[in-house]
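Report on the following structure.
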Amino acid sequence: MTQSEAQSHSLTITEAAALLGVSVSTLRNWDRQGKLSPRRHPLNGYRIYDRAEIVWLKQQIEGTA
């Protein structure tokens, strides 16, 4: 997978929070509690979320899975 492909499958913390309908603080809390496992951007250390994991979590929250 190229870097461009990886980026298209990744979400920033703001994008992930918006998709889930929660605050950025909530995602940070879930990270600390081990409920999510974001990667870190290699240059700036920002959290990067896998789009598929966030979509799956959204389905679980909504009860549509």
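Screening residues 10-24 for salt bridge (charged side-chain N to carboxylate O under 4.0 Å, His left out), with sequence neighbours left out, gives no hits.
Remark: Ser10 OG to His41 NE2 distance equals 9.0 Å, nearest 0.5 Å.
Under the 4.5 Å side-chain contact rule for hydrophobic residues, Val22 and Tyr46 do not share a cluster. Under the 4.5 Å side-chain heavy-atom criterion for grouping Ile, Leu, Val, Met, Phe, Trp and Tyr, Ile48 is not connected to Trp56 through any hydrophobic cluster.
In terms of the side-chain contact (heavy atoms from CB on, under 4.5 Å) criterion, residue partners of Leu19 (sequence neighbours excluded) are, by chain and number, Leu11, Ile54, Val55, Lys58.
The main-chain N or O of Gly45 is found under 3.5 Å from a side-chain atom of Arg40 such that the two form a donor-acceptor pair.
Pairing each heavy atom of Asp31 with each of Arg47, the nearest pair is OD2-NE, 2.6 Å. Contact between Tyr49 and Leu27 at its shortest, heavy atoms only, is OH-CB, 4.0 Å.
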